[in-house]
Amino acid sequence: MGLTSKDLLGIQGITSEEIRLILDTAASMKEIASRDIKKVPTLRGKTIINLFYEPSTRTRTSFEIAGKWLSADVINISTSSSSVVKGESLKDTGLTLQAMHPDVVVIRHAVSGAPHLLAKLLKCSIINAGDGAHEHPTQALLDLFTIRERRPTLEGLKVAIVGDILHSRVARSNIFAMQKMGMHVRVCGPPTLLPRYVESLGVEKHLSVERAIADVDIIMMLRVQRERMGAGLFPTLREYSKLFGLNLDRLKMARPDVLIMHPGPINRGVEIAPEVADGPYSLIQDQVENGVAIRMALLYLLAGGQNN
Amino acid sequence: MRIWIKGGRVIDPANKRDAVLDVLIEDGKIARVWAAQPGAPAPAADRVLDATGQVVCPGFVDLHVHLREPGREDMETIATGTRAAARGGFTTVCCMANTNPVNDNQSVTDFIVDRARRDGAVHVYPIGAITKGLKGEELAEIGELVGAGCVAVSDDGKPVMNAELMRRALEYTTLFNIPVIQHAEDEHLTGKGVMHEGRVSTELGFKGIPAASEAVIVARDLLLAELTGGRYHVAHVSTAEAVELVRDAKRKGLNITCEVAPHHFALTDEAVYNFDTNAKMSPPLRSSRHLAVVKAAVQDGTIDCIATDHAPHVIQDKEVEFDYAANGIIGLETAFGLTITSLVEPEVLTLPQAVARLTADPARIFRLPKGTLSGGADADVTIVDPSREWTYDVRQSASKARNSPFHGWKLRGQVLCTIVSGKIAWELQG
């Protein structure tokens with residue numbers, strides 16, 4: 001059994017069975033990280049290109065490490081040092097890369113649908129590493145993987161996603177993924193950072209963070225970006241933190257065994273207090289660690305294995 | 001040159017005619033429209049078109065096209081755009097002012113008029129700019145534009161955001177009795193939005209354009225039209241709220257008109273799901289709730305006419321990321337088929353109503369001597385088969401551009417022949 005598509009463009013394009021396959025594959029990949037020699041020959045002779053149109057530390061590094069541990073050749077292209085600065089279109093950049101016979105292109109881009117455009121143009125596998133405010137499927141998969149390590153039955157779990165839902169591809173991919181796995185999702189944030197029609201995604205909308213986090217199994221905090229302040233979406237970070245930040249006082253409203261997640265990078269003291277981020281139920285470091293395993297699993301499923 | 005069109009169902013809303021009649025064209029004018037008596041002698045003619053089982057109507061009139069000349073001849077020219085018009089059954093098109101240079105002075109208008117006379121396959125009436133350079137700062141020399149042949153003014157592509165300037169435009173144009181056409185969109189509410197704000201934009205993570213962005217400007221302008229007595233025409237109306245505002249204003253007796261583009265009654269925002277940049281336009285494709293209201297408004301006459309907003313673009317401006325793609329689609333060749341398929345087939349409009357929305361109704365808004373089969377009028381005639389099914393192949397388009405979301409669509413209602421001033425400008429082969 002493998003994935004049906006040559007690409008991973010979003011959670012919306014895959015089934016719950018495929019999600020389970022990816023998570024199960026990642027579990028066996030995770031073991032490699034604990035070895036003394038972190039290298040297996042699985043993808044020897046395969047070429048992976050990381051094409052990042054937006055800055056990224058954890059996602060890009062994690063794809064790079066995943067590829068290298070699987071013995072693939074990994075090439076990183078960031079737009080500040082490529083011909084994109086000379087005005088080359090995505091289509092032409094894609095065709096140029098294709099001529100060099102990559103097996104996988106991992107793309108991050110500021111515009112929704114950019115990976116889909118690339119997937120239509122190129123024969124190789126495309127992995128979406130984040131497109132606009134649309135999807136960030138590998139993040140949602142590593143989040144599910146991280147949750148499943150602590151709560152083996154995903155079905156029925158309740159999650160509150162708190163923060164800037166409007167601009168968050170992490171939120172969308174997680175909403176789609178969690179719903180596919182039978183979880184219940186609430187979103188919470190200032191009304192200006194919630195999409196006007198957010199309930200059409202099948203989530204519960206909360207304006208009170210206290211009510212949103214009461215009785216949930218998982219709280220997922222999202223990064224709030226300073227530049228949204230300038231756009232008039234909320235007055236100040238100070239006020240945001242006061243109304244929506246997750247601190248120890250607020251955490252008392254939640255279940256004592258609630259799991260805390262954050263896709264990073266975190267703003268300590270803004271959306272999450274340092275004591276919470278570093279606290280006993282914080283899974284933030286697990287998320288980063290599991291990111292490598294998930295990406296190894298995807299590279300293996302798309303570029304390696306018996307299907308190729 | 002005499003053309004005798006015999007045996008067709010003549011639908012001529014301007015003259016309230018709908019009957020099987022013969023039409024005789026002589027020296028570029030409509031000579032006679034009459035009910036043929038069996039056995040009556042045939043009129044002398046150089047060409048006889050047997051229209052039995054077909055519909056003969058006045059040539060269609062499009063109040064809203066972009067011909068891109070002067071300035072962007074790589075996208076479209078007056079020659080190619082008017083050929084696309086002829087294929088679509090349009091014998092008259094009105095071209096928007098956002099050329100390069102902008103049609104904000106009489107020398108540009110003169111150029112368009114001359115070029116259309118030389119290269120045009122159909123009649124071309126220019127629309128002048130409201131403001132110099134479409135900058136929304138000061139009025140263009142509207143008197144000179146009208147003198148050179150402009151039939152209306154618009155900053156289309158951009159709204160006139162300054163309410164005081166819009167007031168003055170509506171006031172000043174009462175001198176010439178021409179409409180001011182507004183591209184109704186609040187630039188602040190739209191911001192960097194790229195599609196309709198709704199369920200689909202929420203799912204795809206696109207910055208949405210709220211329906212209110214259109215209605216806010218329409219509401220403001222209707223108050224200004226009332227204040228000034230100016231003639232106000234809303235371009236490409238797309239939202240339920242704007243339609244309701246226009247309906248109320250018409251009830252009050254204000255001199256208000258509006259148009260709808262075929263894509264706004266044929267497509268919803270769900271067309272964006274596959275990130276097709278041919279589903280990107282301004283105003284954006286709306287949700288089905290808006291479509292239902294818009295369709296009903298074409299039926300009850302709140303929306304006066306159908307206009308294509310034919311907007312040709314080069315491939316490289318569309319084959320890019322959705323946010324960066326140009327707005328708009330070509331529409332001249334598909335307008336009639338979409339009108340039949342989306343409005344007449346589902347019994348929103350009767351066929352005569354549909355013909356009226358493409359002929360007499362738009363001609364009335366710009367006071368053009370068009371859209372009629374009256375004796376002595378220019379012989380602009382379109383012959384159609386409203387029940388024939390055909391498939392649109394954009395690769396065969398007469399337009400230079402290929403940006404249509406309707407490529408491969410099966411449409412009902414095909415244009416068979418387009419006659420412009422007594423000359424056959426387009427004839428379907430086979």
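Convention: sequence-line order gives letters A, B, ...; per-chain numbering from 1.
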Under 4.5 Å from a heavy atom of chain B, the part of E199(A) involved: neither
Taking the six-membered ring for Trp, is the centroid-to-centroid distance between F275(B) and H134(A) below 6.0 Å? yes
Under a 4.0 Å threshold between the charged nitrogen and the carboxylate oxygen, would R68(B) count as salt-bridged to E76(B)? no
Identify which part of R172(A) has an atom lying under 4.5 Å from any heavy atom of chain B, answering side chain, backbone, both or neither. side chain
Where on H109(A) is there a heavy atom nearer than 4.5 Å to chain B: the side chain, the backbone, both, or neither? side chain
Aromatic contact between H290(B) and H196(B), with the criterion being ring centroids under 6.0 Å apart: yes or no? yes
Give the minimum heavy-atom separation between P115(A) and D131(A), together with the two atoms involved. CD-CB, 3.4 Å
